[in-house]
Amino acid sequence: MAAEFAVEMHKVNKWFGHFHVLKDIDLMVLRGERIVVCGPSGSGKSTMIRCINRLETFQKGRVIVNRIELADDLKRIDEVRRDVGMVFQHFNLFPHLTVLENCTLAPIWVRNMPKRAAEEAAMHFLNRVRIPEQANKYPGQLSGGQQQRVAIARALCMNPKVMLFDEPTSALDPETVKEVLDTMIMLANDGMTMIVVTHEMGFARQVANRVVFMDAGQIIEVNEPKEFFAHPRHERTRLFLSQILK
Amino acid sequence: MSTQAAGASFVRSELLPDRPPPANLVGIFPLLRERLFSNWLNIALTLMSLAIIVLVVPPLVRFLFIDAVWTGTSRDACVSSSGACWPFIQAKIGQFIYGFYPAELYWRPNLVFIAGALLVLPLLIPAAPLKKLNAILFLGVYPFFAFVILNGGNLDLRRFLIGRFVRLDGLPLVGEVAGLKLVFWLDFLLSGTALLAVAIIASAIIGASARAVAKTLLLVLGCIALALLAVDFDFGLQPVGTRSWGGLLVTLVVAITGIVASLPLGILLALGRRSEMPIVRFASVVFIEFWRGVPLVTVLFFATYMLPFFLPAGVNFDGLLRALIGVTLFSAAYMAEVIRGGLQAIPKGQYEGAASLGLGYWQTMNRIVLPQALVIVIPGIVNSFIALFKDTTLVLIVSIFDLLGQLRAAFSDPNWSSPTTLFTGFAFAGIVYFIFCAGMSRYALYLERRAAHGSR
Ligand SMILES: Nc1ncnc2c1ncn2[C@@H]1O[C@H](COP(=O)(O)OP(=O)(O)OP(=O)(O)O)[C@@H](O)[C@H]1O
Ligand SMILES: [Mg+2]
């Protein structure tokens with residue numbers, strides 16, 4: 001039955017020095033499920049999702065991704081990362097490569113795909129995020145929203161089983177937020193497993209299967225979006241929602 | 001409007017041609033005024049610069065051209081003149097370029113120069129095709145080609161690995177074919193097989209793929225065999241030991257080897273210094289700080305005069321080679337620090353972006369980090385190259401006569417002793433060094449502009 005879960009986090013604990021960032025995080029994500037994670041700044045949201053593809057290490061607990069558990073030996077770390085796409089707040093595109101090269105780099109060098117096939121696949125995904133005409137430009141020549149869509153296409157080119165988003169729209173101008181959200185909604189409709197850290201509550205309402213609320217390194221509340229917004233169970237959740245929804 | 005026009009005594013029927021802007025905005029004089037005389041500080045700086053130019057340039061021109069002697073066969077032509085003694089350079093040019101290389105064999109260094117230029121130029125032109133092949137030819141084949149042509153090859157190799165511990169000479173196989181001692185090649189075969197066996201057993205123990213390991217090792221051994229074959233084969237060239245090399249030839253050999261070898265070494269050291277493995281980091285720091293802590297003169301001196309005491313008797317490798325290694329390691333340490341500066345400028349997000357795609361350490365470095373870091377530090381790298389080029393002249397203290405060394409040697413020729421010989425010689429050396437160093441500097445500038453163009 002374990003196969004049903006794309007991501008399992010069991011009692012994950014992490015410390016930065018003496019600072020306890022993650023406290024007994026338990027989260028099971030089904031295949032095809034869309035999770036939105038929210039919570040106040042500094043509550044450990046980024047740290048949590050970065051534990052999933054091991055951009056962060058943790059000291060206690062277990063994380064199992066696509067049935068691969070990384071024990072202390074990190075030999076299979078790249079195996080996990082291959083199947084987990086990540087989109088960052090600041091895009092993290094490679095500025096010295098064109099958009100197309102950004103998208104084909106990992107398929108060619110990590111998946112050993114022939115260059116032609118990788119380029120065809122890249123053009124397919126650039127079409128899906130609706131910027132095929134920018135393929136030969138450099139990231140620095142694109143707007144923020146376009147860059148973020150390239151970042152999404154770049155992750156998709158690896159055919160990931162899970163996509164992680166860490167505040168993908170918070171570095172964008174308000175007008176361009178929508179184009180990125182639309183792209184993410186399209187992904188969700190395709191059935192991608194997604195874990196999204198965001199404060200876009202409209203997005204949460206529309207696509208999330210569950211909303212996770214974190215505070216001070218703990219998961220305070222997990223619920224379906226309707227219930228979550230209508231009847232938050234915890235005082236802290238209520239406070240957070242009242243601030244963010246105004 | 002119309003009433004006004006009707007009342008006017010003159011109505012222009014066509015447009016006036018564009019008038020030029022007022023004279024005080026165009027042309028050379030306003031530009032000069034703007035750039036050179038816009039305020040008191042600028043005026044003072046301009047006047048000072050003018051004074052320096054007036055003081056320096058006319059005497060220089062007079063010395064180099066107007067008063068210079070252009071023809072002659074001995075000091076008599078120059079002794080009474082106050083200008084440059086160019087016949088001196090003419091008479092000694094062979095020595096300046098080739099050192100003590102036998103004059104009838106000048107075609108050999110010339111061949112090496114021409115082949116080098118033919119390989120370097122397309123490598124430097126970004127649009128030239130076949131970069132990979134070109135790089136392999138220049139970095140992998142050319143050094144051995146150059147060595148064989150310059151030195152004559154036919155090194156008479158006798159022992160590889162096993163032969164150092166076991167006497168193989170007694171075997172019936174002691175013949176010699178085309179300058180190749182068969183004992184050596186038997187030794188090579190045995191040693192290679194032994195290494196291969198050890199590697200396969202070791203990879204079986206640690207669980208690595210024996211096939212992949214064997215393949216890599218075979219490839220490496222094959223390359224070594226080819227290289228050794230090239231330097232061991234008897235091409236029938238008259239041997240010219242490195243003692244006879246000199247002048248610009250040695251300057252270029254030392255500088256180019258140093259430059260080409262110190263860059264990859266420096267990259268490895270810089271990566272090592274930022275490694276997460278404590279042993280690697282520690283080793284890199286010790287290495288870098290050691291070489292940065294001692295003067296190059298000391299390094300060369302040690303390599304030449306002290307090293308023989310530490311090496312076992314009979315082991316003696318070439319003086320020029322020792323100087324080459326010293327220069328390379330020395331400049332690699334500096335290069336490492338320059339490159340580390342570039343590595344530090346790469347934001348963490350680049351590493352995370354690469355990691356999130358599943359790129360491994362070397363892929364991340366080769367494809368993402370180094371291409372960006374190296375472009376940032378092009379000025380620093382070229383600075384090191386130029387410094388290295390000029391530092392090569394220090395090999396003089398270990399009796400290797402580079403361009404400057406040959407120059408100094410030529411000064412002592414009584415046939416050419418005149419009041420201006422010394423100045424002429426140094427002027428010539430200055431011009432030669434300037435051409436190479438300014439060339440590197442301009443090329444770096446071009447590369448920087450190109451890189452900036454590409455990514456913005
Ligand atoms: N490398 C680090 N070293 C020490 N402390 C860190 C480090 N990274 C994060 N922290 C701390 O851990 C806590 C959680 O950080 P995290 O980035 O996960 O928060 P977040 O919920 O994503 O916040 P935000 O909404 O601002 O992005 C913060 O208090 C932060 O200061
Ligand atoms: Mg965050």
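Model, not experiment: these values are computed from the prediction. Letters go in sequence order (proteins before strands), and every chain restarts at 1.
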### A:Gln59 atom CD, over 12 foreign heavy atoms within 6.0 Å
yes
### Query
Do you know the tightest heavy-atom contact between B:Leu357 and A:Ala155?
CD2-CA, 4.4 Å
### Query
Which pair of heavy atoms, one from A:Arg154 and one from B:Gly353, lies closest together, and at what distance?
NH2-CA, 4.0 Å
### Query
Measuring heavy-atom distances to chain A, does B:Glu352 have an atom under 4.5 Å in its side chain, in its backbone, in both, or in neither?
both
### Message
Non-hydrogen contacts under 4.5 angstrom with chain A: give the residues of residues 129-137 of chain B involved, or none if there are none.
### Response
none
### Query
Do other residues, nucleotides or ligands put more than 12 heavy atoms under 6.0 Å from B:Tyr443 OH?
yes
### Task
Under 4.5 Å, counting heavy-atom pairs only, tell me which of A:Leu105, A:Leu164, A:Asn53 racks up the most with chain B.
A:Leu105
### Message
With a 4.5 angstrom heavy-atom cut-off, is it the side chain or the backbone of A:Arg111 that approaches chain B, or both, or neither?
### Response
neither
### Nearest non-hydrogen partners of A:His96 and B:Ile368, listed with the distance
CE1-O, 3.6 Å
### Task
May I ask you to list the residues in residues 79-94 of chain A that approach chain B closer than 4.5 angstrom, counting heavy atoms only, ordered by number?
A:Arg81, A:Arg82, A:Val84, A:Met86, A:Phe88, A:Asn92, A:Leu93, A:Phe94
### Taking every non-hydrogen atom, the tightest pair across A:Leu55 and B:Ala355
CD2-CB, 3.7 Å
### Message
Out of B:Pro371, B:Ala354, B:Ser356, B:Gly360, return the one with the most heavy atom pairs under 4.5 angstrom to chain A.
### Response
B:Ser356
